[in-house]
Chemist: 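What follows is a structure written as structure tokens; I'll ask about it next.
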Amino acid sequence: AFTSRGGNSYNVDRWQEVRPVGTRLELVLKSEFEHLHAHGALFQAVGRSCALLPHPIYISSVETHNQINGNIPPWSLNREGMPWVRWHTEALDWLNNQDDAYPPLAVLPVGGEEGSVARGILWLNDFQSFANNDNRSVKVYIRNMLVANNERELLPHWAGFVSAAIEANGLTPTASREALRRDDVYAQVREQLERDLVRGLTQLVTAAPSSAQNALWKRIRSLHNQS
């Protein structure tokens, strides 16, 4: 059971009453906090943190009844036999529903092989220019919850044009839950992301249709020529 008094602290205790599978829980926003709902802050905050939870979550008002976690992340799709173009389109659609600062230019898979410590996606950001910019960004989900919104050091320093969203249940949040422990698993995830990024960039040349390749690399060359 989750209890809070005054909103400054909370307690989590074992709930004595066992609820059956399918139980619906309803939380009501107090009147003094209705401005959070009116301006979309509540929808954005809950949607960002709980996007991967398997149980449907709705934020409702008199006019709307919207599910915030209905989109399947690209790394949960069954890629076996799926054409690259279809998977890439699904991945782009998922990213375009996120609140990232830059639009994605191309998406690369993370994990999926035996021994992987993380799964997710990497994407190349479509900037106005790559010049003098380090725009690395990594969202980290642990057990379906967003625990780190910008763990940029998981990406190599040379990848200033890359962002990522990953699930890595072996990572451990710090006591404050504001960062991740820099332990052996952290190092393994970082090494895997660099390998997957190099491999993904290489495969992008062969996996994408020639027309998409030409447009993509023309855009990348244009950005790099500005740097």
Side-chain angles (χ1 to χ4, degrees), residues 47-55 68-82 84 86-125 134-208:
R48 182 168 55 246
S49 298
C50 305
L52 302 189
L53 287 178
H55 309 295
I68 65 171
N69 61 335
N71 294 326
I72 300 174
W75 55 91
S76 293
L77 297 173
N78 183 7
R79 294 181 57 208
E80 185 175 354
M82 179 183 291
W84 181 88
R86 179 181 171 188
W87 178 85
H88 195 257
T89 300
E90 295 275 0
L92 287 174
D93 288 344
W94 186 83
L95 280 173
N96 286 327
N97 287 323
Q98 307 303 304
D99 57 352
D100 297 285
Y102 302 102
L105 186 60
V107 189
L108 314 172
V110 170
E113 295 77 25
E114 185 177 353
S116 295
V117 291
R119 63 177 191 154
I121 53 173
L122 296 148
W123 64 92
L124 312 185
N125 291 302
D134 180 3
N135 291 287
R136 291 174 297 160
S137 164
V138 181
K139 293 180 179 180
V140 178
Y141 296 87
I142 298 177
R143 288 180 286 280
N144 299 318
M145 288 292 295
L146 179 67
V147 298
N149 198 45
N150 191 9
E151 198 65 29
R152 59 189 296 158
E153 293 304 319
L154 283 171
L155 287 173
H157 291 288
W158 55 264
F161 55 96
V162 176
S163 295
I166 63 170
E167 278 191 275
N169 292 338
L171 292 172
T172 305
T174 58
S176 65
R177 301 191 70 82
E178 295 178 352
L180 299 173
R181 290 184 184 175
R182 304 295 179 90
D183 54 15
D184 291 343
V185 177
Y186 190 97
Q188 292 170 16
V189 172
R190 183 166 52 194
E191 291 171 1
Q192 181 192 321
L193 287 182
E194 183 165 11
R195 289 196 307 271
D196 286 348
L197 176 56
V198 172
R199 180 183 59 191
L201 290 172
T202 303
Q203 292 178 341
L204 191 60
V205 178
T206 57

Chemist: Would you compute the distance between atom CZ of Arg190 and atom CD of Glu151 and round it to the nearest 0.5 angstrom?
Modeler: 9.5 Å
Chemist: Do Asn96 and Pro104 have side chains that get closer than 4.5 Å, going by heavy atoms?
Modeler: yes
Chemist: Is there a donor-acceptor contact under 3.5 Å from the side chain of Arg152 to the main chain of Asp134?
Modeler: yes
Chemist: Does Glu153 form a salt bridge (Lys or Arg N to Asp or Glu O under 4.0 Å) with Arg136? I'd like the steps, not just the answer.
Modeler: CA-CA 8 Å; Glu153 293 304 319; Arg136 291 174 297 160; 3.5 Å; yes
Chemist: Using 0.5 Å steps for rounding, measure from the CH2 atom of Trp123 to the CG atom of Leu108.
Modeler: 11.0 Å
Chemist: Could you tell me whether Glu167 and Arg143 have a side-chain N and a carboxylate O separated by less than 4.0 Å?
Modeler: no
Chemist: Regarding Asp196 and Gln192, is there a side-chain donor-to-acceptor distance under 3.5 Å anywhere?
Modeler: yes
Chemist: Looking at Ile72, is its backbone amide N or carbonyl O close enough to the side chain of Ser76 to form a donor-acceptor pair, meaning the two atoms are under 3.5 Å apart?
Modeler: no
Chemist: Start with the C-alpha distance between Asn125 and Val162, add both sets of side-chain angles, then the distance that settles side chain to side chain contact (heavy atoms under 4.5 Å, CB included), and finish with yes or no.
Modeler: CA-CA 6 Å; Asn125 291 302; Val162 176; 5.6 Å; no
Chemist: Could you grab the distance from atom CG of Leu124 to atom OG of Ser163, nearest 0.5 Å is fine?
Modeler: 9.5 Å
Chemist: Mind checking whether Leu180 and Thr174 have side chains closer than 4.5 Å, heavy atoms only?
Modeler: no
Chemist: Using the rule given for side chain to side chain contact (heavy atoms under 4.5 Å, CB included), can you reason through Leu52 versus Leu146, listing the C-alpha separation, both sets of side-chain angles and the distance that settles it, and then say yes or no?
Modeler: CA-CA 8 Å; Leu52 302 189; Leu146 179 67; over 6 Å; no
Chemist: Hey, is CZ on Arg48 packed in by over 12 heavy atoms from elsewhere, all under 6.0 Å?
Modeler: yes
Chemist: Please report the closest heavy-atom contact between Val189 and Ala168, naming both atoms and the distance.
Modeler: CG2-CB, 4.3 Å
Chemist: Any non-hydrogen side-chain atom of Tyr141 less than 4.5 Å from a side-chain atom of Ile166?
Modeler: no
Chemist: Under the criterion salt bridge (Lys or Arg N to Asp or Glu O under 4.0 Å), I'd like the reasoning laid out for Arg195 against Glu113: C-alpha separation, chi angles, the key distance, then a yes or no.
Modeler: CA-CA 12 Å; Arg195 289 196 307 271; Glu113 295 77 25; over 6 Å; no
Chemist: Answer yes or no: is there a side-chain heavy-atom contact under 4.5 Å between Leu95 and Ile121?
Modeler: yes
Chemist: Starting at CE of Met145, measure out to OG of Ser49 and round the result to the nearest 0.5 Å.
Modeler: 5.5 Å
Chemist: Assess whether side chain to side chain contact (heavy atoms under 4.5 Å, CB included) is satisfied between Leu197 and Leu201, documenting all intermediate values.
Modeler: CA-CA 6 Å; Leu197 176 56; Leu201 290 172; 4.1 Å; yes
Chemist: Should Thr172 and Val185 count as side-chain neighbours, where that means a heavy-atom distance under 4.5 Å?
Modeler: no
Chemist: Has Asn144 got a side-chain atom pairing as donor or acceptor with Pro54's backbone, closer than 3.5 angstrom?
Modeler: no
Chemist: With side chains defined as the heavy atoms from C-beta onward, is the minimum distance between Pro173 and Arg181 less than 4.5 Å?
Modeler: no
Chemist: Mind checking the CG-OG spacing from Asn150 to Ser137? Nearest 0.5 Å is all I need.
Modeler: 4.5 Å
Chemist: Does Glu90 reach the side chain of Leu77, with side-chain heavy atoms less than 4.5 Å apart?
Modeler: yes
Chemist: Please lay out, stage by stage, how Leu92 and Val107 fare under the test side chain to side chain contact (heavy atoms under 4.5 Å, CB included).
Modeler: CA-CA 7 Å; Leu92 287 174; Val107 189; 3.6 Å; yes
Chemist: Measure the acute angle between the ring planes of Trp158 and Phe161, then classify it against the limits of 30° and 60° as parallel, tilted or perpendicular.
Modeler: tilted
Chemist: Within this structure, what is the CZ-CH2 distance for the pair Arg79 and Trp87, rounded to the nearest 0.5 Å?
Modeler: 5.5 Å
Chemist: For the residue pair Trp75 and Trp94, is the inter-centroid distance of their aromatic rings smaller than 6.0 Å?
Modeler: yes
Chemist: Taking the side chain as everything from C-beta on, heavy atoms only, tell me whether Asp184 gets closer than 4.5 Å to Tyr186.
Modeler: no
